[in-house]
Each structure stands twice: as structure tokens, then as C-alpha cells.
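Shown next, in C-alpha cells, is the structure this report addresses.
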Amino acid sequence: MKRLTTLILLFFTMISVAISHPDQDIAVDHLKVEMLTNPAGIDVENPRLSWEIITETPSTYQQAYQVLVASDPSLLSPDKADLWNSGKVDAEESTNIRYAGEELDKDTKVYWKVKVWTNHGESDWSERAHWILGLRYYKDWKGRWIGFDRAFPWEEVSTFPTLGARYFRDEFDIKKTVERATVYIMGLGLYELHLNGQKVGDAVLAPTPTDYTQNVKYNAYEVTDLLQENGANAVGVMLGNGRYFTMRQHYKPYKIKNFGFPKLLFNLIIHYTDGSTEVISTSDQWKGTADGPIRNNNEYDGEYYDANKEFIGWDQVGFDDSAWLQAEYVQEPVGDYEAQMNENMKVMQDVAPVSLEAIGQDRYVLDMGQNMVGWLQMTVKGKKGDTVKLKFAESLQENGELFMTNLRDAKVTDTYVLKNEEKVTWEPRFTYHGFRFVEISGYPGEPKIEDFMGKMVYDDIKTIGHFETSDPMLNHIYQNAWWGIAGNYKGMPVDCPQRNERQPWLGDRAVGAHGESYMFDNVRLYKKWLDDIRLAQKADGALPDVAPAYWRYYSDNMTWPGTYLMIADMLYQQTGDTSVIRENYPAMKKWLGYMADRYMTEDYIVTEDSYGDWVVPPPSIEAGTGQNADVKRPSALISTAYYYHFMEVMSRFATILGKHEEIPSYQSLKEKVHEGFHEEFYHQGFYGDNKMTDNLLPLAFGMVPEDDRQRVFDQVVETIQIKNNGHLSTGLIGTQWLMRTLSDYGRADLALKLATNTTFPSWGYMIENGATTIWELWHGNVAKPTMNSQNHTMLLGDLTVWFYEYLAGIKAGADSPGFKVFELAPVFVEGLDSVKASFDSPYGAIGSHWERKGEQITWKIKVPANTTAIVKMPISATGGILMNGEALRSGDMEVKLGSGEYELVF
Ligand code: BGC
């Protein structure tokens, strides 16, 4: 009887399986773990899984999902999944679902897939994806750190250190059949890993830089296919200096961190088919040398490569390393070992030069046509000893020579010494340059333009946004912004890529990072930066101006360190990930307490500030000629306004974290600061000295009493229109709130005027003067060159936020971060005929494309599956709105739309 029931049950189960077939139209794709596609070697025990639903069926919403996780692809079915079968979970969420299966052991590769049920049917199972849980604990690492803790006779450790690369190698036998093998490597400052003669992976300048006394990032690579089974294998690692051995020794030693000589810890974990495991790791049995072809490598000064010093086959089995030294045990780098969750750099794009001209005896100048970051690959044929020098600069002098002064003492020169008459193609490894022009000297014979190729190097992150308008100048500015932002992604957002600085200054990205988030998939980069900032906090609560704090500036101001809160806020809004707030909230709170304790007066004014509205434009281009822009104008108005703003932000964070008991103290301090601010800085209709930024901040932060708002705003307008003759007069701080505040108060037309200006000071002025990136200074063409980079991003302010959130109107919903519910509400500003933008949100692509013909606007929008767009039509559209050819109910100025493509005409 029991058997019969089972059979009947089985029969019915089969029927129900047979009839619940997936809908061909609904698929699940783009599986991500911690927002990474198939990551190797992460160290998050319960990583978060995300997917996108792909469908043509309109208004599709997920109603349930099922995730399977298994230790082997063959086990990826509901009845076999050995690690996790979530079962059918009724939930709308398709991003950041925590893995809640079996606890995973170190160095475990797991496979997963997902299916969803929607209001329009169910999907099939997705393709499978995987992740590798890497090494999580200190004790998981075998072997020791090796290196040479000293300079060699041919190396100089002076102000301008010239340290060559270190090379380490070892051979090992594999006697069994390999099932899976993974390398875990920490090579500081930079490494390049080779196995059996092949470079492993396509990263360059890896790993990502950190403050190595705080944390050290390891990279992991699956190398199963690179190993020789039943035979001998060879591993070779080159080490460069990167940020570990400082680029400048003894020079401002009070502020530059030096971590020491390069070092390496390497673990290769091999799983054999018989179930056993072996670990190959660094020891003093490895051999090493510093007497190789890379004679010098320095981020500021370039790389010196002598091919005569090459050791062919050093990374292969059988190389005679008898002349090499025994590797030496060295101190470990102090910081905690962590998996690198942000992307390494890569050669992301080739840039072909546009011209090559002789400028003198044996000297040529190559023009890349674009200010770019990376290096030059060169093909050359000559004779032994020929020495080619490549020197990099952003611009030329009038006489055609490179303009070097704005690079300060960075030597920015790559050198290649030939070893024979064979044709070679070479590029450097452990340096990068910010340049448009290259002076070539010592090139044997006459160089041809085809002998050179620019290699654009930045973090391996996708461009996820596109933005284009009917205005060529706006498009050009956007392009310049793209090149500048991308090039300055160096595992941290650096201020500039060319002079002897290249530091991750906090203030430069406060709001810019928000605009960048529509252009680049930079979530993991900025998450890592929050870690850098938190780890740089002093025990007393102080936060730095630069993080990682390679330059130790702790100048106590609200604006630079305050970027910490703004980046966390941005990541939360754009991804809905609360962990960025949870992890950083205590440090933020501590810092705000520290600042209040030390710098808040009895009247609630925050007195301390360092930079003021950094790099405001001089009153005229003539007045700025030869002027040093390095002038600090500290402003208590700015620091107090920011303190107020951060109390508001902290109240929101406390709400998100459920720390309701903490909200009243933020609110009450906010009120007091508000009163103090008003008392101190408000004068009959304007604030402070009535400078643009003085009025913009209280407007943007909602500090102006309602009755006075228009008056204060009118002052901003008057300054722009009358005093500035249609121009801005904001620096790094004011520009961050400029475009949005103008638009919020109904003057998007004025914002557009500023954005399309071509006279000083404006982004267009830079372009008129040849800029292909964004300058550090509004008067960059005439200012004193000592602080005058041609590739900074900070003066973009909120321009790119305005492009996406205002002109295209794509914006995360005010109460719904992460784009599950988002707004589509463009400002159809007069003066523009069209705006076309798209952005890959965590759920898929969002599109907004409007075009004006005469009085009529046609607006095409795209809403991804499992999201809702709140679509807002302009008031002026009351004449009637057609959606996909049908009239909307009159008065419907706001509609909620599910996924699909729509065309609105009004
Ligand atoms: C950097 C800036 C930075 C500033 C602050 C400059 O040298 O290039 O981007 O924010 O210093 O002082």
C-alpha cells in the first residue's frame, strides 16, 4: 500500500514538473557574486548573489527565486545541490541575496545557478556561474615572505630612488593528476606572475594599492591549465616597487610613507584527483635576483629596461639559476591579509598615435591625440647598446618641445636598451604616465608612427553609461570627463596621473563619484576606498585628506574627510547596499565627534577648515596669469554648512541601520548648528560674503528659511548673470552643488548656459584651449605651472550627475535606493534638442532618450525587468500625452511603469 502511494505521488510530481515548463521569453542572466562576475578567491563567507531578468514581456516582476549551489557542476540540480538549495523563495529581490548554505572551507570552488518565477511565468535555470572562496584566515597561508631587504650596489636609495625589479623563481614536481589548482599571491608593491613561461592573468600593476601597514590584498588565479602534470613546473615572479617602496625618499619624509623593499608571499594550492592536496609556497629555497633587465621602476620617474640583462627562460623549467641568490626571509608587511574584491588594472584600450614629427637631431615628438594614462608600446630594431628614451608630457611648448614644468620633478622617462639586432616590441611593466605627447630619442633609424601604440591602463571596470546630446560641446565635455575619470582609476581614485603626486585626495571625488557611478561600474572600487579611508582613521578620530594616507595629511577639515560620508551615501543610493553604511558608521560618528569636540564653538560654528572653495577661478584670465593657484582660503561658512549637512546624512544613516535612539542627538545638533550658522553668516538675503558658494551651500543643504529662499537664489543668479557676465565663480566645493541647485530652483537654462560656455571660466574654455581631459584649474592655460595638471577630475563638480539625473532624468528613487524603483524625470531644458542616455543599473539597462521637434517632444524610455519607473512629465505637457500611441488620462503627469520600452509624445 505504502509503495502504491509513493508511486502515485511520484506520478503526480512528474505531471506537475511536466506542466510547469519555463517561459521561453523569460531568462536569468548576468549572475554576479558580490557584484563580481565569476570571482576567484573572495574572502566573504556568505557572499551576496545577484542576477538580471531578461525578457521582452512588459511589466515583468520577479515573485520568487530559487538558487542552487553545489560543489560540482554535475550536482547543480534541485535534488542534488549539496551546498545550498534555497527552495522556492517568495521574494521580489534579485540583487544582494546572501548565500545561506553550508559553511565553505578555504579554497573551495562552488557552482551556482538560479531560476525565477514572475507574474508572467517562470524562467528556465540560468547558465551556471561560480565563485571561489579563497583564504580567509592568517593561518591559511603557508610558507614565508621572501625578498631582499636592501638595495644592491647598482641601485640608489636617494631622494629619487632607482630600485630595479626583483625576480624570484622556483621549480616543483607534480607527480599526480591535478583536479584543480589555484594560486594565491601577495606581491608587493607590484607583481607579475609567470607559470611555465606564461604570464598568469591579464592584470597589470597588480595588486591594488593599500596602506600595507593596515591591509594587504591578495589576488587569486585558477591555474589548473597552466600546470604540467606528472612533471616539472616552474614559477617566476617579478616584483616592482609600486607604492610599497616609495617613489620619493627623504623628500618631505615627514609626510611620505615608505613601506620598505618589495616582498612576496606565494601559495599554490593543488587538489589532486585522488583527493589529496599540496601547497607550493615561498621559502628560502627559492632563488632570487635584482640584477635583471628592469633596472629601475618608479611610478613618477618611469622604467629603465636593459635587454642585455634579460635571462631567457627564467620562468621555465631547467633555467640555470646558479648565479642567482638564495631568497631571504623578510618581515611580513604588518597589515591584515584580505582578498582583493576590487578590480586590478588592465590595458583597457589601444590608442594609436595621430602624428610623429622630428623636432631636432635624433628627437621626435609623438602625438597621441588624447591626454591618456598608461604607457607606450614600441617596436624597434637596431644594434646592441642602442638606447631609446621615451619621455612623456601633457602638452607642448610653443617651440614644439615638451612642456615639463607642470610635472614638477617627475622624470617620466622610459628607457629601453637593445641587446642585439632583432626586431623587438616592448612596453614597460611597473610604471604609468599621464600624457598626450612623447619625445622619442635614441631610436635607431627613423621611427615610423606604426612602431608605437598607446596602451590605456585603468581598473578593469566596465563603462556602463552612455550620454549624448544635440550639443557638440556638452558631448565633448562628457568625452573629456570619461578619459579623465577612467585614467585616474588606479585601484583608488587618484587626483592626477602625471606629476609627482598621483594621490587619492578625498575632496576631489566627493560628488564627482556619484556622477561617475552612472558612467563606470565602480562600486567595488569605491567600496574599497571606503575601507582605505576607515583604516586611515587615527585613534583620536581624525580622518585624512588623502587615503590610503601615503601622504600623511590630517589637516582636520569638514570637506575632504567628509567625502567618506558622501561616498557611502552614493553607494547606498546607487546599489541599495546597506553594508557600506553599517561598516563605516562608527568611524563616521567618531570623526564627527572629534571635529565637534575640537572645533565647534559655543555658538555652533565649526571654525576649522583647510582648503576653502579650493581653486576658485581668478576674477579674469589676465588676473590669473602666472598666478599660483595653491592658495588656501579656509572658510568657517563652508565647514559649518557641511557639519549641518552631515548631521542630516547621519540621521538618515541611523534610520537605515535602525539606530533610532541616535537620531534625536543628530537632529538637535543639526538645529543648533543651523541657528548658529544663520546667526553668524546670514545677512539680508545672502550668506557670508555673498560669493556663489556661500549662497549655494545653504540652498543645496536646505538651510535657508523658506521665505528667504528665492531671495538667496536670486543672489546666485545675479552673481552669474551680472557680476560674472554669465559665468560661474565656484571652485571645487561650490561646483559640486552648482548645476543641481540651479535646476532645482527652476534655472536649468542657466545651468545649461554654464555648461556650454566656451569663455573663461568654463569647461568649454578648456576645450577651446585644446583640453582633451578636464584641467585642475579653470585658468589652467595661464596659471603658474607648479600646480597645474591637465588631467584632474575635481572641477567636474556635479556636472555628470546633472547630465544623467537632470538632462536624462535617470535617478534612484528617493525612498528606494538601488534602482528597484527609480525616477525618470528629465528637465527638458530649452536650448537642447535632444538627450540620449543609458545606464546599466543593477537590474539591467535603463534608457532615456528625448528629442524636441518644434513644440513636440518624443521621449523613449527603457525600464528593466523587476523594476518600476516613476515617470514624470513636465507641467508644460498638459496639452495631452500619448504613450505608445494611446492617450494618457489627462492630468496624469506621473505614471508608474513596469519593464518595457515606451514612447511618450507630448
Ligand atoms: C591635489 C588636489 C587636492 C589638493 C588639496 C592638490 O595638490 O592635486 O587635487 O585636492 O591638493 O590640497
Side-chain angles (χ1 to χ4, degrees), residues 466-478 481 515 518 692 696 699-700 709-710 713-730 735 737-759 761-765 767-768 796-811 823-838 847-861 871-883 888 892-894 902-906:
H466 294 278
F467 177 83
E468 206 182 316
T469 72
S470 51
D471 188 290
M473 184 50 82
L474 285 190
N475 299 344
H476 200 151
I477 295 169
Y478 185 83
Y518 289 103
M692 265 179 82
L696 276 171
L699 283 168
R709 278 185 205 153
Q710 195 56 45
F713 183 70
D714 289 346
Q715 290 296 327
V716 176
V717 173
E718 192 180 307
T719 307
I720 296 175
Q721 287 183 324
I722 298 167
K723 285 196 211 141
N724 299 345
N725 193 21
H727 293 84
L728 52 75
S729 50
T730 47
T735 312
W737 309 98
L738 175 62
M739 306 301 280
R740 291 172 297 170
T741 307
L742 287 175
S743 304
D744 288 345
Y745 279 85
R747 292 303 307 270
D749 62 315
L750 201 53
L752 182 65
K753 157 102 182 76
L754 298 181
T756 50
N757 270 342
T758 52
T759 41
S762 66
W763 300 284
Y765 176 76
I767 290 174
E768 291 292 309
L796 283 168
D798 67 354
L799 184 67
T800 55
V801 184
W802 185 69
F803 283 166
Y804 279 92
E805 294 192 349
Y806 286 71
L807 294 188
I810 304 170
K811 193 177 176 192
E823 287 175 19
L824 280 177
V827 181
F828 300 94
V829 60
E830 289 296 331
L832 274 187
D833 292 333
S834 73
V835 172
K836 184 178 182 183
S838 70
S848 169
H849 176 194
W850 60 264
E851 224 173 331
R852 188 197 322 269
K853 285 217 175 78
E855 293 291 289
Q856 197 176 64
I857 291 179
T858 305
W859 182 24
K860 293 185 181 134
I861 60 185
V871 181
K872 296 183 179 169
M873 260 68 69
I875 315 278
S876 56
T878 41
I881 301 166
L882 288 180
M883 186 166 83
L888 283 186
D892 252 351
M893 303 310 291
E894 187 176 306
Y902 306 86
E903 186 180 87
L904 294 140
V905 182
F906 43 84

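Note that the structure is predicted; figures quoted are calculated from it, not measured.
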Residues in ring pair (Phe, Tyr, Trp, His ring centres under 6.0 Å) contact with Y902, at least two apart in sequence or another chain: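 Listed in chain order: nothing, the list is empty.
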Measure the shortest side-chain to side-chain distance between [X] and [Y] over non-hydrogen atoms and say whether it is less than 4.5 angstrom.
{"X": "V871", "Y": "E894", "result": "no"}
{"X": "Y765", "Y": "N757", "result": "no"}
{"X": "Y806", "Y": "D744", "result": "yes"}
{"X": "V717", "Y": "Q715", "result": "no"}
{"X": "L882", "Y": "L904", "result": "no"}
{"X": "M692", "Y": "L738", "result": "yes"}
{"X": "H849", "Y": "E468", "result": "no"}
{"X": "W850", "Y": "L832", "result": "yes"}

I need the [X] [atom1] to [Y] [atom2] distance, nearest 0.5 Å.
{"X": "L888", "Y": "M883", "atom1": "CG", "atom2": "CE", "result": "5.5 Å"}
{"X": "L754", "Y": "T756", "atom1": "CG", "atom2": "OG1", "result": "8.0 Å"}
{"X": "Q710", "Y": "L699", "atom1": "CD", "atom2": "CG", "result": "9.5 Å"}
{"X": "E851", "Y": "I857", "atom1": "CD", "atom2": "CD1", "result": "10.5 Å"}

Between [X] and [Y], does any side-chain donor sit less than 3.5 Å from a side-chain acceptor?
{"X": "Y518", "Y": "E805", "answer": "yes"}
{"X": "W859", "Y": "S848", "answer": "yes"}
{"X": "T469", "Y": "N475", "answer": "yes"}

For [X] versus [Y], what's the shortest heavy-atom pair and its separation?
{"X": "P826", "Y": "L824", "result": "CD-C, 3.8 Å"}
{"X": "P761", "Y": "L728", "result": "CG-O, 3.3 Å"}
{"X": "A755", "Y": "M739", "result": "CB-CE, 3.7 Å"}
{"X": "T759", "Y": "S762", "result": "O-OG, 2.8 Å"}
{"X": "G764", "Y": "I477", "result": "N-CD1, 4.2 Å"}
{"X": "L796", "Y": "A481", "result": "CD1-CB, 3.7 Å"}

Look at the aromatic rings of Y804 and F467 and report parallel, tilted or perpendicular, splitting at 30° and 60°.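 Judged by the thresholds at 30° and 60°, the geometry between Y804 and F467 is tilted.
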Please lay out, stage by stage, how V829 and L807 fare under the test side-chain contact (heavy atoms from CB on, under 4.5 Å). CA-CA 7 Å; V829 60; L807 294 188; 3.7 Å; yes
Pairs in or reaching into residues 716-726: which pass side-chain hydrogen bond (donor to acceptor under 3.5 Å, both in side chains), with residues at least two apart or in two chains?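 Non-adjacent pairs meeting side-chain hydrogen bond (donor to acceptor under 3.5 Å, both in side chains): N724-S729.
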Only pairs at least two apart or in different chains count here, so list each side-chain hydrogen bond (donor to acceptor under 3.5 Å, both in side chains) that has a residue in residues 825-837.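 Every candidate side-chain hydrogen bond (donor to acceptor under 3.5 Å, both in side chains) pair involving residues 825-837 fails, so no pair, neighbours aside, qualifies.
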Tell me if a side-chain donor or acceptor on R747 pairs with a main-chain N or O of F713 at a distance below 3.5 Å.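 A pair under 3.5 Å: no.
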Side-chain donor/acceptor of D471 to backbone N/O of L474, under 3.5 Å: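 Checking the backbone N and O of L474 against the side chain of D471, a donor-acceptor pair under 3.5 Å is found.
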Step by step, work out the side-chain contact (heavy atoms from CB on, under 4.5 Å) result for F906 and F828. CA-CA 11 Å; F906 43 84; F828 300 94; 3.7 Å; yes
For W802 and S743: C-alpha separation, side-chain torsions, deciding distance, then whether side chain to side chain donor-acceptor pair (under 3.5 Å) applies. CA-CA 9 Å; W802 185 69; S743 304; 2.7 Å; yes
Run L696 and T730 through side-chain contact (heavy atoms from CB on, under 4.5 Å) and show every step you take. CA-CA 10 Å; L696 276 171; T730 47; 3.8 Å; yes
